[in-house]
Amino acid sequence: MLSATKLSYTYPKSNKSAVRDISFDIHEGEIFGFLGPSGAGKSTTQKILTGLLSGFEGEVSIMGKALSEWKEKLYEHLGVMFEFPNHFTKLSAMENLTLFQSLYSNKSQNPSYLLEKVGLKEDGNIRVSNFYKGMKTCLSFVR
């Protein structure tokens, strides 16, 4: 599904590599997480894999296709959840899911169904500003 080979990246104006010569494969259906201390290159690697950083060394392929070939179509096939939830807090959970769903051409699950799957069905019409951290994390997961 995703392959990174000899991936390296050094930020401009830095002498130290943020990511140095890492390789890994993620297979279809596999759950993969980055663990490591602060400064280990986890976020930088995610930014490379999601196309947010260019100028890296090494090779990245997603679904058998080089990262550079994907262009904006990459985002139709990608789901990333970062450490801190980011939602439109003045909108309800349902409104957040509906809004994000509208940004993609691929079909997705019904927002009500998704909220039910993570235990937020009863809270779907509540503003996200009233959610506690765990609820926001669940909403990020289904988004």
Side-chain angles (χ1 to χ4, degrees), residues 1-5 7-14 16-20 22-143:
M1 223 32 191
L2 187 147
S3 180
T5 307
L7 194 59
S8 296
Y9 186 82
T10 302
Y11 283 98
K13 300 181 184 178
S14 177
K16 185 180 175 195
S17 295
V19 174
R20 190 173 349 132
I22 63 169
S23 298
F24 57 91
D25 293 306
I26 304 172
H27 303 281
E28 186 173 353
E30 187 174 32
I31 296 173
F32 187 87
F34 281 120
L35 299 175
S38 180
K42 302 176 302 292
S43 295
T44 299
T45 301
Q46 278 188 319
K47 289 175 185 174
I48 292 168
L49 298 176
T50 58
L52 297 176
L53 276 180
S54 58
F56 60 89
E57 295 177 26
E59 296 178 23
V60 175
S61 67
I62 299 173
M63 296 171 26
K65 191 174 178 180
L67 180 62
S68 60
E69 295 176 33
W70 278 100
K71 309 283 188 232
E72 67 278 347
K73 286 288 189 187
L74 173 65
Y75 304 109
E76 293 287 335
H77 301 277
L78 195 61
V80 175
M81 188 170 120
F82 292 97
E83 181 178 3
F84 299 104
N86 56 339
H87 304 289
F88 292 101
T89 57
K90 291 184 179 183
L91 300 179
S92 69
M94 181 67 77
E95 290 168 331
N96 267 275
L97 290 181
T98 302
L99 172 65
F100 278 93
Q101 185 180 46
S102 74
L103 300 175
Y104 296 89
S105 61
N106 288 341
K107 284 193 168 208
S108 64
Q109 297 285 336
N110 180 299
S112 296
Y113 171 79
L114 295 172
L115 291 173
E116 182 178 357
K117 284 296 189 186
V118 294
L120 294 177
K121 182 179 180 182
E122 302 300 318
D123 304 300
N125 293 316
I126 296 174
R127 277 188 180 188
V128 174
S129 60
N130 294 318
F131 280 20
Y132 56 83
K133 185 180 178 186
M135 294 168 79
K136 290 177 184 177
T137 301
C138 288
L139 182 59
S140 291
F141 178 74
V142 293
R143 188 187 74 197

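Below, each value reflects all heavy atoms present in this structure, side chains not excepted, and no hydrogens, waters or symmetry copies.
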Output the distance between atom [atom1] ([X]) and atom [atom2] ([Y]), rounded to the nearest 0.5 Å.
X: Asp25; Y: Ser61; atom1: CG; atom2: OG; result: 8.0 Å
X: Ser68; Y: Phe56; atom1: OG; atom2: CZ; result: 7.0 Å
X: Glu116; Y: Glu122; atom1: CD; atom2: CD; result: 9.0 Å
X: Arg143; Y: Leu115; atom1: CZ; atom2: CG; result: 12.5 Å
X: Ile48; Y: Ile22; atom1: CD1; atom2: CD1; result: 7.5 Å
X: Tyr9; Y: Ser54; atom1: OH; atom2: OG; result: 6.5 Å

Identify the two heavy atoms, one from [X] and one from [Y], that lie closest to each other, and give their separation to 0.1 Å.
X: Tyr104; Y: Tyr75; result: CE2-O, 2.9 Å
X: Val19; Y: Gly41; result: CG2-O, 3.7 Å
X: Gly51; Y: Leu74; result: N-CD2, 4.4 Å
X: Met94; Y: Asn125; result: CB-OD1, 4.1 Å

Other residues, nucleotides, ligands: >12 heavy atoms within 6.0 Å of [X] [atom1]:
X: Tyr132; atom1: OH; answer: no
X: Tyr113; atom1: OH; answer: no
X: Glu28; atom1: CD; answer: no
X: Lys73; atom1: NZ; answer: no

[X] (side chain) donor-acceptor with [Y] (main chain) under 3.5 angstrom:
X: Ser14; Y: Thr10; value: no
X: Lys65; Y: Trp70; value: no
X: Gln101; Y: Gln109; value: yes
X: Tyr11; Y: Lys16; value: no

Flag side-chain contact, heavy atom, 4.5 Å: [X] against [Y]:
X: Leu120; Y: Phe131; value: yes
X: Leu49; Y: Leu67; value: no
X: Met1; Y: Glu30; value: no
X: Leu99; Y: His87; value: no
X: Phe34; Y: Thr45; value: yes
X: Phe88; Y: Val128; value: no

Exercise for the section: Have a look at Leu139 and tell me which of Asp123, Leu97, Leu114 forms a side chain to side chain contact (heavy atoms under 4.5 Å, CB included) with it. Expected result: Leu97
Exercise for the section: May I ask you to check whether Ser23 and Thr5 show a side-chain donor-acceptor distance below 3.5 Å? Expected result: no
